[in-house]
Amino acid sequence: MGDMFSQPAHIVAQNLIGCRFLVDGCGGLIVETEAYEADDPASHSFRGPTTRNKSMFGRPGTAYVYRSHGLHWCLNFVCTPGSAVLLRALEPRWQVDVMRQRRGRWGDPRELCSGPGKLTSALKIGGELDGLPLDRPPFELTLERGSDVDIVNGTRVGISRGTDVAWRFGLAGSPFLSVRFPRPPTRAGD
DNA sequence: TGCGAGATCCGCT
DNA sequence: GCGGATCTCGCAT
């Protein structure tokens with residue numbers, strides 16, 4: 001676990017696509033992530049530690065959970081100090097009925113975990129999990145994945161600075177993404 | 001000391 | 001498509 005997260009966040013973010021992630025047995029496959037580096041103007045760590053972001057400077061392989069817009073929780077996996085990977089979407093697989101109940105959504109399963117705030121709501125992730133290691137309960141992170149994962153990337157969503165780097169990653173063709181990735185440019189005549 | 005923006009989501013128009 | 005809910009922080013006053 002330590003080796004995995006002691007790499008640049010934009011590498012870890014790609015390696016996490018297709019991995020299984022559970023909280024108390026409830027979860028699914030990671031299909032969308034974003035990387036935030038220490039010297040990254042879009043990162044919460046950019047101006048140094050505060051009471052909110054202190055766990056972002058903690059051990060690699062721990063959780064950084066913060067409240068977004070005063071309402072929603074967002075989950076990050078801490079990499080090297082000041083860098084982390086934001087979990088943006090899961091493909092629901094285990095205890096999906098529990099997610100439905102927590103979300104109050106009984107229709108389209110794509111509505112359960114297709115966004116950072118939806119994901120934490122479905123898995124019941126809150127501030128009490130901030131700073132906890134990912135290799136112990138209630139977390140279960142399985143880093144092994146199939147060799148056939150096809151990863152796409154693009155610029156990050158919902159930010160106004162650091163928009164130049166393409167550090168959002170996703171499972172190609174997944175219907176469970178929060179936002180579609182732009183289709184690769186096609187050649188004239190296609 | 002106050003104000004506005006922010007790694008968001010939802011319901012209404 | 002737009003605004004409201006409402007916590008934290010940076011920056012201006």
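Throughout, a chain's letter reflects where its sequence line sits, starting with A, and its residues are numbered from 1.
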Bracket string, DNA chain B, 5' to 3' - pairs by Watson-Crick or G-U geometry under 3.5 Å, | interstrand: ||||||.|||||.
Between P of B/dA7 and CD of A/E37, the distance in whole Å: 16 Å
Sugar-phosphate, base or nothing in reach of A/R105, heavy atoms under 4.0 Å: sugar-phosphate
Check: A/G28 main-chain N/O paired with A/R93 side-chain donor or acceptor under 3.5 Å: no
Plane angle bin for A/F77 and A/F5 - parallel if under 30°, tilted between 30 and 60°, otherwise perpendicular: perpendicular
Sugar-phosphate only, base, or nothing, as touched by A/R88 at under 4.0 Å among non-hydrogen atoms: sugar-phosphate
Under 3.5 Å donor-acceptor, A/S43 side chain and A/E37 backbone: yes
Donor on one side chain, acceptor on other, A/D130 and A/S55, under 3.5 Å: yes
A/R156/A/D40 ion pair, N-O < 4.0 Å: yes
Atom pair distance, as rounded to whole Å: CD in A/E32 and C1' in B/dA7: 11 Å
Rounded distance (Å) that lies between atom C1' of B/dC9 and atom CZ of A/R102: 18 Å
Sugar-phosphate, base or nothing in reach of A/S160, heavy atoms under 4.0 Å: sugar-phosphate
A/Y36 OH to B/dG6 C1', straight-line distance once rounded to whole Å: 11 Å
Protein-nucleotide distance (A/I125, atom CD1; B/dC9, atom P), rounded to Å: 13 Å
For A/T120, side-chain hydrogen bond (donor to acceptor under 3.5 Å, both in side chains) partners two or more places apart: none
Closest-nucleotide 5' rank along DNA chain B - winner of A/I159 and A/E111: A/I159
Sugar-phosphate or base contact per nucleotide [nucleotides 5-13 of chain C; S, B, -; heavy atom under 4.0 Å]: BBBSSSS--
Nearest atoms (heavy-atom pairs only) where A/Y36 meets A/A9: O-CB, 4.0 Å
Side chain proximity check, A/N15 to A/L143, heavy atoms < 4.5 angstrom: no
Cationic N near anionic O, under 4.0 Å, A/R20 to A/E140: yes
Atom-pair distance (CE on A/M56; P on B/dA7), nearest Å: 11 Å
C1' atoms of C/dG3 and B/dA5, separation to the nearest Å: 15 Å
C/dG4 versus B/dG4 - spacing of their C1' atoms, nearest Å: 16 Å
Interatomic distance where OH belongs to A/Y66 and P belongs to B/dC9 [whole Å]: 9 Å
